[in-house]
Protein chains: 2
Amino acid sequence: MYENVYVKAGRRWEMNYTIKDVAKKANVSIATVSRILNNQKGYSEKTKRKVLEAIEELDYHPNAIARGLINKKTSTIGVLFPALSSMFVTELLAGIEKAAHQLGSSVIVCHTESNGSKTMKYLQLLNEKRVDGIIFTSEILKEEYYEFIQKMSIPLVLLSTESRIYSVPYVKVDDRHAAYSAAQYLIKKGHKRIGMISGNQNDLIAGKPRIDGFKDALLDHGFPVHDSQIVCSEGFTFADGREGLKKMRQLAPEVTAIFAASDEIAFGAISEAYQQGIRIPEELSIIGYDNLSIAEMSIPPLTSLAQPLYEMGEKAAKMIFDMINGDQLVESRIMPHSIKERSSVVKKEE
Amino acid sequence: MYENVYVKAGRRWEMNYTIKDVAKKANVSIATVSRILNNQKGYSEKTKRKVLEAIEELDYHPNAIARGLINKKTSTIGVLFPALSSMFVTELLAGIEKAAHQLGSSVIVCHTESNGSKTMKYLQLLNEKRVDGIIFTSEILKEEYYEFIQKMSIPLVLLSTESRIYSVPYVKVDDRHAAYSAAQYLIKKGHKRIGMISGNQNDLIAGKPRIDGFKDALLDHGFPVHDSQIVCSEGFTFADGREGLKKMRQLAPEVTAIFAASDEIAFGAISEAYQQGIRIPEELSIIGYDNLSIAEMSIPPLTSLAQPLYEMGEKAAKMIFDMINGDQLVESRIMPHSIKERSSVVKKEE
DNA sequence: CTGAAAGCGCTAACAC
DNA sequence: GTGTTAGCGCTTTCAG
């Protein structure tokens with residue numbers, strides 16, 4: 001009677017039944033149960049019913065660990081993020097999680113803090129846990145990482161980043177092109193003196209290309225580009241935005257519109273402008289980058305260059321699964337960007 | 001020579017070595033290797049060195065799946081969230097992830113969308129994956145969920161929620177008390193006509209208690225409470241905040257200060273106020289709830305009742321591990337709240 | 001101190 | 001159709 005039920009610490013615990021229990025209950029061999037479980041062929045309708053009944057009665061659920069051991073497939077992927085609490089990353093994660101779950105996989109989140117040794121530790125972990133694939137987001141894929149993942153010999157896709165060195169499929173927007181669009185938008189709105197508060201110019205993925213795109217747009221439209229128009233920050237944060245605006249007002253007070261390399265920078269700039277009594281957008285227009293959900297919450301609502309973050313996450317997850325399922329050639333995806341117009345940019349009539 | 005290395009799809013793949021390979025290379029049995037791997041005793045220093053060398057040379061890493069199968073411990077926990085892209089949840093996750101990783105575990109994120117059948121599916125999944133514990137956040141623990149997790153017989157902790165029915169350890173702030181503090185803060189600032197934009201009043205965890213706390217504070221300080229002062233929303237979102245402020249202006253235009261039941265609501269209210277030309281905080285003071293990272297980014301910077309979300313996540317993770325490691329009695333934790341003063345509340349002199 | 005052997009729960013030949 | 005058996009990579013008795 002109490003087979004498979006035992007008492008521990010005074011409490012009644014129901015054990016997780018195994019395939020053996022089911023087999024016994026249904027009077028068949030475990031092989032048959034396994035076949036039915038995996039929709040293979042080689043059994044009669046009658047035994048199938050019998051087994052299914054037993055499964056139902058015992059409320060049996062196969063042990064994914066045991067399955068993983070033999071199939072060499074854990075239905076789990078690992079996702080590496082530099083930060084977890086940034087909204088940017090959060091939207092990517094939501095997209096990944098959705099697609100992964102739809103495709104029957106779980107996702108393990110790893111927060112690397114952009115720290116090399118932490119990243120390696122996570123990679124070790126993911127290796128030991130035998131994840132089926134890895135999504136690497138928003139950071140440079142260092143040689144060390146790449147080599148390690150190579151050795152793990154599981155699929156890898158880059159999300160919101162890319163590698164100029166290694167041939168790894170990626171999903172991102174064309175930063176240079178997107179920045180170009182943002183700057184062009186400002187120009188079309190009649191602004192002639194346009195500044196940029198950029199992220200880190202040494203960041204070859206999200207920093208430099210946006211600066212280049214910005215410059216290109218100005219140049220293409222016949223505007224000169226002075227260094228004083230572009231203030232570079234450490235990163236892409238709110239504080240960087242504040243600092244950025246301060247510098248901008250000193251170096252190029254004539255600027256009537258600013259392209260911020262991230263929404264957070266834009267928020268910082270707006271906040272600083274507010275403190276300095278500069279009215280936005282009347283005196284100073286600002287366009288952000290990312291179109292995070294907070295963009296609509298700012299005052300005034302922030303016009304922003306939109307990246308489809310959620311969709312990017314989904315896409316990356318789908319790519320990983322295509323690769324896991326043997327697709328040799330998955331193409332990288334340049335996702336479309338767009339401009340989400342709100343109220344932080346004004347038309348300049350002159 | 002090519003033992004353990006094979007070629008697949010034209011590419012050289014390095015296999016994951018097993019304990020057997022190490023044993024062979026070191027000329028010992030797998031039992032010995034296992035002992036050394038697990039820091040048990042029963043081997044000489046010499047063999048230890050030999051084995052360690054072999055491990056090093058092969059770059060061997062134990063297979064966590066195989067270990068999990070035998071140890072019945074996967075070093076993985078599951079975390080259920082109603083939403084992933086809310087900043088609120090994101091901070092909790094960051095805290096959980098940090099603590100979990102420190103304690104040698106991974107976390108699988110599950111996005112339930114507050115949907116019962118999705119939640120059950122996730123629980124099934126976590127059961128099959130044999131996670132060591134579950135953290136359930138920000139939602140009512142329904143009977144169905146509870147029963148299922150009971151059957152899984154693994155530890156469960158509630159985060160930012162609690163159960164009045166089941167005895168499950170939880171980590172949260174005292175919402176009623178916190179709301180009381182927020183209202184009291186407004187009173188101490190000299191406000192006499194105070195309103196509240198609440199979340200859903202039918203939400204017994206985060207909705208009702210905050211309303212109650214608000215009422216208590218007013219009553220205790222000798223203020224009458226009219227229904228018109230409290231506008232209830234569907235949820236806790238930006239849009240709810242906008243709507244809330246609109247209603248508040250209609251129903252109780254005399255109000256000089258508002259307690260918003262979440263920062264997002266506060267943001268919505270501020271945004272709406274801005275559109276209506278109401279100056280904040282001069283004409284209307286607002287205090288939020290949560291103290292999300294965006295609170296400092298609003299204009300004006302939002303004074304908010306702070307929940308230590310990150311720490312709450314950490315704490316919940318630590319509790320789960322205490323339970324996994326056999327602690328029978330872990331106490332629930334009421335985390336301290338505080339008021340983060342910024343500039344959205346003004347002192348009212350009369 | 002060390003090794004042989006029996007599983008953990010499952011899948012996949014291989015027999016009958 | 002169905003059962004038997006040999007593992008997957010590891011831990012853990014139990015002998016020696």
Side-chain angles (χ1 to χ4, degrees), chain A residues 3-4 6 14-52 54-55 58-76 127-132 152, chain B residues 3-4 6 14-52 54-55 58-76 127-132 152:
Chain A
E3 183 181 31
N4 284 317
Y6 67 104
E14 183 163 335
M15 274 188 71
N16 271 306
Y17 293 103
T18 75
I19 198 171
K20 253 185 181 163
D21 300 312
V22 176
K24 200 185 299 173
K25 181 153 200 115
N27 271 316
V28 295
S29 74
I30 58 169
T32 300
V33 178
S34 177
R35 284 188 192 103
I36 291 168
L37 244 26
N38 297 295
N39 306 304
Q40 301 179 80
K41 47 198 172 175
Y43 46 81
S44 68
E45 267 305 309
K46 207 179 87 202
T47 50
K48 177 173 178 179
R49 241 194 311 283
K50 240 188 347 184
V51 169
L52 254 22
I55 288 176
L58 295 179
D59 193 25
Y60 163 78
H61 293 279
N63 181 329
I65 300 302
R67 279 183 157 176
L69 182 58
I70 189 160
N71 291 332
K72 281 153 184 12
K73 184 158 177 307
T74 52
S75 291
T76 306
N127 177 41
E128 295 187 7
K129 293 235 164 110
R130 298 297 192 264
V131 296
D132 300 333
M152 288 174 71
Chain B
E3 185 181 27
N4 286 317
Y6 66 105
E14 184 164 336
M15 273 188 72
N16 272 307
Y17 292 103
T18 74
I19 199 171
K20 253 185 182 163
D21 300 312
V22 176
K24 200 186 298 175
K25 182 152 198 117
N27 270 316
V28 295
S29 73
I30 59 170
T32 301
V33 177
S34 177
R35 284 187 193 103
I36 292 168
L37 242 27
N38 297 295
N39 304 303
Q40 300 178 87
K41 46 198 174 177
Y43 45 82
S44 68
E45 267 305 308
K46 209 178 87 201
T47 51
K48 177 172 179 180
R49 239 194 312 283
K50 239 186 352 182
V51 170
L52 255 23
I55 288 176
L58 293 180
D59 195 23
Y60 163 78
H61 293 279
N63 180 330
I65 300 302
R67 281 184 157 174
L69 182 57
I70 188 159
N71 292 332
K72 283 155 183 12
K73 182 158 179 308
T74 52
S75 292
T76 306
N127 177 40
E128 295 187 8
K129 294 236 163 112
R130 298 295 192 266
V131 295
D132 300 333
M152 289 174 70

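Naming: A, B, ... by sequence-line order, numbering from 1 per chain. The structure displayed is predicted, hence computed values, not measured ones. Below, all heavy atoms of this structure are taken into account, side chains as well, without hydrogens, waters or symmetry copies.
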Checklist entry - Rounded to whole angstroms, how far apart are CD1 on Ile30(B) and C1' on dA4(C)? => result 9 Å

Checklist entry - Rounding to a whole Å, what distance do you find between Arg130(A):CZ and dC8(D):C1'? => result 11 Å

Checklist outcome for this item: Of dT11(C), dT11(D), dG3(C), the nucleotide closest to the side chain of Ser34(B) is dT11(D)

Checklist entry - Rounded to the nearest Å, what distance is computed from the CG atom of residue Asn71(A) to the P atom of nucleotide dA12(C)? => result 6 Å

Next on the checklist: Main chain of Thr74(A), side chain of Lys129(A): is a donor-acceptor contact present, judged purely on distance under 3.5 Å?
Outcome noted: no

Checklist entry - From dC10(D), dT11(C), dG3(D), pick the nucleotide closest to the side chain of Ala31(A)? => result dG3(D)

Checklist entry - Taking only N and O in the side chain of Tyr17(A), is any of them less than 4.0 Å away from OP1 or OP2 of dC10(C)? => result no

Next on the checklist: Contact between Tyr60(A) and Ile19(A) at the side-chain level, heavy atoms closer than 4.5 Å - yes or no?
Outcome noted: yes

Checklist entry - Taking the side chain of Asn38(A) as heavy atoms from C-beta outward, which of dT11(D), dT11(C), dT2(C) is closest to it? => result dT11(C)

Next on the checklist: If you count heavy atoms of other groups shown closer than 6.0 angstrom to NZ of Lys50(B), is the number above 12?
Outcome noted: yes

Checklist outcome for this item: CG of Asn16(B) to CE of Met152(A), rounded to nearest 0.5 Å, is 8.0 Å

Next on the checklist: Without decimals, in angstroms, what is the distance between Leu69(B) CG and dT12(D) P?
Outcome noted: 13 Å

Checklist entry - Under 4.0 angstrom, heavy atoms only, what part of the nucleic acid is Lys41(A) near: base, sugar-phosphate, or nothing? => result nothing

Next on the checklist: Both Arg35(B) and His61(B) contact DNA chain D. Taking the nearest nucleotide for each, which residue is further toward the 5' end?
Outcome noted: His61(B)

Checklist entry - Separation of Ile19(A) atom CD1 from dT11(C) atom P, in whole Å? => result 5 Å

Checklist entry - Which one, dG3(D), dC10(D), dA4(C), comes nearest to the side chain of Ser29(B)? => result dA4(C)

Checklist outcome for this item: Walking DNA chain C from its 5' end, the first of Asn63(A) and Thr32(B) to be reached, judged by nearest nucleotide, is Thr32(B)

Checklist entry - NZ of Lys24(A) versus C1' of dG9(C): gap in Å, rounded? => result 14 Å

Checklist entry - What is the distance, rounded to the nearest whole Å, between atom CD1 of Ile55(A) and atom C1' of dC10(C)? => result 13 Å

Checklist entry - Rounded to the nearest Å, what distance is computed from the CZ atom of residue Arg67(B) to the C1' atom of nucleotide dG7(C)? => result 18 Å

Item to check | Heavy-atom closest pair, residues Gly68(B) and Ile65(A) | outcome: C-CG2, 4.0 Å

Next on the checklist: Within the 4.5 Å heavy-atom criterion, are Asn63(A) and Thr18(A) side-chain neighbours or not?
Outcome noted: no

Checklist entry - Looking at residues 42-50 of chain B, who's got a heavy atom less than 4.0 Å off DNA chain D? => result none

Item to check | Derivation of the side-chain contact (heavy atoms from CB on, under 4.5 Å) call for Leu37(B) and Arg67(B) | outcome: CA-CA 12 Å; Leu37(B) 242 27; Arg67(B) 281 184 157 174; 4.0 Å; yes

Checklist entry - Ile65(A) near the nucleic acid: base, sugar-phosphate alone, or nothing, with a heavy-atom cut-off under 4.0 Å? => result nothing

